[in-house]
Structures are given as structure tokens and as C-alpha cells.
Amino acid sequence: MVTSPPPAGTTTSPPRADTKAPKTARFKGLSRLLALLRNTWRALTSMGTALVLLFLLALAAIPGALLPQRNLNAAKVDEYLALHPVLGPWLDELEAFDVFSSFWFTAIYVLLCISLVGCLTPRTLEHLRNLRATPVPAPRNLARLPKHAEAQLVGDPDELGAELAGRLRGWRRITRTAESTVEISAEKGYLREFGNLTFHFALLGLLAAVAAGRLFGYEGNVMVIADGGPGFCSASPAAFDSFRAGTTVDGTRLHPMCIRVHDFDANYLDSGLATAYTAHIDYQVGDDLSTDQWRPYLLEVNHPLRVGGVRAYLQGHGYAPTFTVIFPDGQTRTQTVQFRPDNPLTLLSSGAMRFDPPAGTYPDPGERRKHQIGIQGLFAPTEELDNKLLSSAFPALRDPAVAIDVYRGDTGLDTGRPQGLFTLDSRLIHQGRMTKVARSNLKAGEHIRLDDGTLVRFDGAVPFVNIQVSHDPADIWVLVFAMTMMAGLVVSLVVRRRRIWIRITAEPTRQAGTVNVELGGLARTDNSGWGDEFERLTTRLLAGFDTGKED
């Protein structure tokens with residue numbers, strides 16, 4: 001088609017860009033984003049999602065119960081990694097040895113809290129509206145309800161209505177009057193939803209209390225030698241063998257407490273299983289530290305010492321052998337060091353000791369360092385020998401014996417480098433700076449003499465106890481919320497929602513003074529037992545009246 005040019009004297013302008021399309025596209029994109037956020041929030045705050053997250057939280061805690069945790073026992077984690085060189089590193093990357101501080105456990109924890117808050121808030125508002133609302137009017141046809149009864153009574157409708165309403169004690173009720181009809185609407189069971197909300201809010205409080213304990217609490221483990229051991233004071237994390245601090249705890253404001261162990265008693269079955277642990281301890285706390293006053297206490301398993309918001313638990317025990325090293329010039333060194341129980345049934349233990357020669361034995365520091373003594377080996381509380389291989393027959397201290405390797409040389413005491421408590425530094429052995437000079441099995445009182453005249457004597461052993469000191473500022477709230485959860489759960493299971501309507505109608509077609517009473521009931525939650533309950537309620541309401549013939 002041919003177009004004609006514009007008339008002379010007219011001007012043309014370029015076509016306008018359509019600005020509505022981009023605005024519409026932006027509006028639609030924003031609407032989709034808002035819809036996505038709204039739907040995500042609705043899905044997250046649904047009760048089904050909260051239940052799924054609660055199940056996932058319980059499922060995520062299983063690795064923390066099956067695998068050793070680094071904050072509780074780092075040595076066990078290292079041992080697991082050494083025994084599983086393929087699987088161990090993968091589990092470590094997934095934070096399976098730090099489950100309760102891992103990113104995925106924290107994510108589930110936070111999402112569960114958000115879901116509970118978003119789910120419970122509208123339910124609480126709805127419950128408050130229901131509490132303020134009056135019972136709904138009676139349906140037009142009560143006969144269609146699941147439970148229905150009818151009777152003829154003699155009397156005035158208003159008076160009968162007042163009498164029947166008075167018999168509905170414990171029900172929220174309202175009476176409505178219209179012409180010749182009196183209607184009573186009654187409902188009970190509001191505590192069911194209250195118990196349900198109480199349970200879920202207590203669960204939310206429990207999660208918050210546990211989180212507060214992780215933030216502001218701390219936990220430390222220490223082995224304390226009994227029978228005259230030095231004891232310990234919990235004023236610093238350095239006093240503990242292992243210490244786990246909360247996120248906000250820097251270790252400068254620990255609750256000071258000192259403990260020393262007098263003696264330790266353990267009762268065993270013939271099989272070696274322990275039935276009871278008890279430790280007689282003395283402790284100092286508060287003003288006792290300045291007055292040097294000690295208070296006695298019997299520390300038992302599951303019966304901790306509770307002072308000043310701090311709890312001291314008796315967790316386990318073992319043995320600390322005593323060795324005396326007599327150097328060639330006659331000077332002595334004696335140490336009592338705890339050994340690690342390797343067999344929890346027989347308490348066969350392993351450990352190590354390091355002895356530095358006394359001043360004056362070797363005036364030259366270099367020569368003195370070459371004559372340090374290291375002892376490493378096994379301890380059996382009740383000796384049992386398979387040829388020369390030492391084992392333990394029973395966990396009680398009946399016939400103590402040791403199987404030791406004695407090393408001489410640089411034990412690493414002067415290096416300033418941290419070493420393991422239960423083993424000598426293998427690098428020093430491999431470098432030849434510390435060499436093995438003797439190996440022997442010894443009973444209490446026996447000794448071994450080295451080639452330079454040094455004598456190593458095994459003097460016996462004393463028990464030690466493992467004490468856990470923990471501070472959780474929210475522990476009382478954990479108990480309160482746990483008990484509140486149980487109370488709310490019981491209420492939500494026992495209380496049932498019920499509705500009942502009574503319609504009293506004066507019918508002129510019947511005998512004068514006779515009214516028709518119609519009752520209808522509806523179970524709003526659980527139908528089990530509602531039939532018998534409705535019949536009992538009907539019988540109680542109509543008792544003492546001439547009911548006539550019932551449909």
C-alpha cells in the first residue's frame with residue numbers, strides 16, 4: 001500500500017515509547033516476589049512444618065549421642081579420626097563431632113523457633129477472640145445434630161429456661177428469648193486450646209532456655225586425686241583438664257569454688273560392674289575462701305554439689321600410681337599422676353610421668369636435661385598376668401601392679417611445648433633425645449635399678465575422681481518449662497470441646513402449661529464417649545421434671 005506524504009506545513013514527531021509495559025512488568029515482578037515471600041512464610045509458620053522441624057531436630061541430635069563430641073572429649077575424637085581415616089575426615093567436615101554447635105543444627109533450631117512463633121501468634125489471637133465471644137445461637141433444626149433429645153415439660157418457658165441454665169454449671173452459656181421460645185446456648189472445653197497453646201509456648205521457652213544456657217553457661221572437667229591430693233579451684237579455665245565455655249563466657253568471671261577429695265569408695269558386683277560411687281569431699285565457696293573454712297559433703301552419682309549456681313558432678317574414677325625416682329646422689333623425686341582408664345570394666349589404665357633431677361645432682365643444665373626420667377606404661381588395680389603380659393582381673397584396688405618402660409634423656413620439660421598427659425612425646429623418642437633404658441613389671445614396693453645407679457620404685461596407687469563443674473543460668477527455667485509442657489499436654493488431652501443447645505417452646509396446640517424441650521449436642525474435638533456423656537447430661541438436666549415421651 002502506498003502512503004501519501006503529510007500535508008505541507010505540518011510537523012511529524014517520533015512515536016512515543018510505551019512506558020506502561022515496563023511499569024506493569026515491574027509491578028508483576030514485585031507481586032510475584034511478595035507472593036513468594038507470603039507463601040514461604042505461611043508454609044514455615046504452619047503447624048505441620050513445626051512438627052517436621054521438631055522431628056528433624058531430634059533426628060539431628062542422634063549423631064551427637066552416637067559420635068564423640070569435641071567439646072566433651074577431644075581425645076576420643078582424635079582416636080576416632082585415627083581409627084577411621086576415610087570416614088572420619090568426612091564426618092569432621094560435616095561437623096559431626098561438633099553437632100550441637102554446627103551450622104545445620106543451629107539452622108534447624110532457629111527455623112523451629114521462628115515456625116513456632118509464627119504459628120502460635122495467630123492461634124493465640126484466635127483463642128482470645130473465642131474467649132470474648134458468646135456461644136453461637138442454636139441451629140434451626142436441632143434434630144439434625146449428631147446427638148438429639150426431646151421432652152415435654154410442664155411449666156413456664158422462662159422459669160424452665162432459668163432452671164436448666166442453672167444446672168449447666170461449668171459451661172459458658174447464654175439465654176436468648178424470642179416470643180414464646182427460650183434458647184440456651186452452652187459451650188465448654190476452652191481449656192483444651194489453652195493447654196495446647198501452653199504446651200507449645202513452653203516448648204518455645206524450653207528451646208530459648210537451652211539456647212541461653214549454651215550462651216551464658218560453661219562446663220569443665222577435672223581429675224582430682226583422692227587421699228590427700230592437692231584438689232583444685234575453679235577460678236580459671238586453666239584449672240580444668242577440659243573446658244567448654246559459652247559464647248559469651250571469656251573465663252574471667254567463673255564462680256570460684258575449691259574442692260579436695262578425702263577418699264573414694266566404689267561398690268562392685270562379682271562381674272566387675274560398679275553399683276555405686278561415693279566421694280567424701282571438702283569444699284570452699286564464697287566467704288569460706290577468705291576464712292579458709294572447709295565444708296564436708298558426700299558427693300554421689302546423680303547427687304551433685306550445688307552452690308552459688310554451680311553444680312559439681314561425680315562422673316567417674318580411676319587410679320593414680322605413685323613412683324619414686326632415687327637419683328645416684330641419693331636425692332629423690334616422687335610423683336602421683338593419674339592414668340587414663342582404657343578398660344572401663346577392669347580399669348586397666350595407661351599413662352606417663354616425667355621426672356626432672358633435683359638441683360645439684362647435675363650442675364650443668366645440658367647434662368641435667370640428658371638425665372631426665374620418663375616412665376610410660378600400664379597400671380592394673382588387680383594384677384593378672386598372661387606370661388609377662390599385664391592385665392587387670394578386677395577394678396578394685398586389690399593387687400596393684402604396673403608394666404612400665406623407663407626412658408632417660410630430654411623428656412621435653414624445658415621446651416615449653418604442650419605435651420600429652422598420658423603419653424610421652426614420640427617425636428623426642430624418634431629423634432633419639434630420649435631413649436628406653438629399662439622395661440619391667442612391678443608390684444607395690446618393688447623397684448628397678450638403671451645402669452647409672454638410678455632407682456625407680458613403684459609405691460602403689462590412690463584413686464582419683466573425675467569431677468564435672470557446670471554453670472547453667474537457665475537450668476531452673478528448663479525445669480519450669482518442661483513441667484509446664486507436661487501440664488499443658490495433660491490439659492489438652494483431658495479437656496474436650498463440647499456444645500449443647502436447649503430450645504424451650506410453648507406450643508398452643510398442646511395442653512396448657514406444657515412446653516416442648518429440645519436438646520442438641522455437638523462434639524467439637526473428640527467424639528469418643530460423647531454419646532454416653534450426652535445421655536448423662538440430658539438425664540441430669542431433665543431430672544425432677546415430668547419429661548413425658550422422648551423421641
Side-chain angles (χ1 to χ4, degrees), residues 126-199 486-551:
E126 180 67 21
H127 182 60
L128 292 176
R129 284 194 293 267
N130 290 336
L131 291 177
R132 299 178 60 184
T134 57
V136 298
R140 179 174 298 179
N141 191 351
L142 292 179
R144 293 184 178 180
L145 293 177
K147 300 300 174 184
H148 175 258
E150 191 172 353
Q152 285 77 40
L153 302 178
V154 177
D156 181 72
D158 294 332
E159 295 179 357
L160 289 175
E163 177 67 21
L164 292 175
R167 295 186 179 186
L168 289 171
R169 293 178 181 176
W171 293 69
R172 173 182 278 183
R173 58 191 183 273
I174 185 172
T175 302
R176 297 180 175 91
T177 304
E179 298 180 355
S180 61
T181 300
V182 176
E183 289 186 352
I184 302 173
S185 300
E187 187 171 354
K188 72 173 183 177
Y190 291 92
L191 281 178
R192 180 184 181 91
E193 181 65 10
F194 176 78
N196 202 342
L197 291 173
T198 299
F199 171 81
M486 294 302 299
L489 182 61
V490 170
V491 169
S492 65
L493 292 177
V494 171
V495 178
R496 300 174 179 180
R497 290 291 300 272
R498 300 288 190 254
R499 278 180 178 175
I500 189 172
W501 294 275
I502 303 175
R503 180 179 289 140
I504 306 172
T505 306
E507 299 185 6
T509 58
R510 295 183 182 271
Q511 183 179 356
T514 301
V515 296
N516 185 58
V517 180
E518 202 175 1
L519 299 94
L522 180 65
R524 297 203 60 194
T525 52
D526 188 6
N527 284 315
S528 61
W530 172 229
D532 295 337
E533 183 181 351
F534 180 78
E535 292 178 1
R536 291 194 300 269
L537 178 63
T538 302
T539 302
R540 182 173 62 84
L541 290 175
L542 300 179
F545 297 102
D546 183 9
T547 59
K549 184 179 180 181
E550 181 177 348
D551 293 340

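For this chain, numbers begin at 1 and follow the sequence in order. Given the structure is predicted, the values throughout are model-derived calculations rather than measurements.
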Pairwise side-chain contact, [X] with [Y], heavy-atom cut-off 4.5 Å (strictly under):
| X | Y | value |
| --- | --- | --- |
| L142 | L145 | yes |
| H148 | F534 | no |
| E126 | E193 | no |
| K188 | R172 | no |

Spatial distance of atom [atom1] ([X]) from atom [atom2] ([Y]) [nearest 0.5 Å]:
| X | Y | atom1 | atom2 | value |
| --- | --- | --- | --- | --- |
| N516 | Q152 | CG | CD | 5.0 Å |
| I184 | I504 | CD1 | CD1 | 5.0 Å |
| L537 | R498 | CG | CZ | 10.5 Å |
| T538 | E150 | OG1 | CD | 12.0 Å |
| L131 | F194 | CG | CZ | 9.5 Å |
| L164 | L519 | CG | CG | 7.5 Å |

Chi angles and distances behind the side chain to side chain contact (heavy atoms under 4.5 Å, CB included) call for V491, T198: CA-CA 9 Å; V491 169; T198 299; over 6 Å; no
Does a salt bridge link [X] with [Y], judged by any charged N lying under 4.0 Å from a carboxylate O?
| X | Y | result |
| --- | --- | --- |
| R536 | E533 | no |
| K147 | E535 | no |
| E183 | R503 | yes |

Donor-acceptor pair, side chain of R499 and main chain of G520, under 3.5 angstrom: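 No; zero donor-acceptor contacts below 3.5 Å.
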Audit row: I502, L541, side chain to side chain contact (heavy atoms under 4.5 Å, CB included) steps and yes/no: CA-CA 10 Å; I502 303 175; L541 290 175; 3.9 Å; yes
What are the two closest non-hydrogen atoms of [X] and [Y], and how far apart are they?
| X | Y | result |
| --- | --- | --- |
| W530 | L522 | CZ2-N, 3.5 Å |
| L489 | S492 | O-OG, 2.8 Å |
| L197 | H127 | CD1-CB, 3.9 Å |
| G521 | P146 | O-CD, 3.9 Å |
| T134 | R176 | OG1-NH2, 4.0 Å |
| P157 | V515 | CG-CG1, 3.7 Å |

Derivation and outcome, side chain to side chain contact (heavy atoms under 4.5 Å, CB included), residues W501 and V136: CA-CA 9 Å; W501 294 275; V136 298; 3.8 Å; yes
S185 and R173: side chain donor to acceptor below 3.5 Å: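 Result is no, nothing qualifies.
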Stepwise side chain to side chain contact (heavy atoms under 4.5 Å, CB included) check, M486 with F199: CA-CA 7 Å; M486 294 302 299; F199 171 81; over 6 Å; no
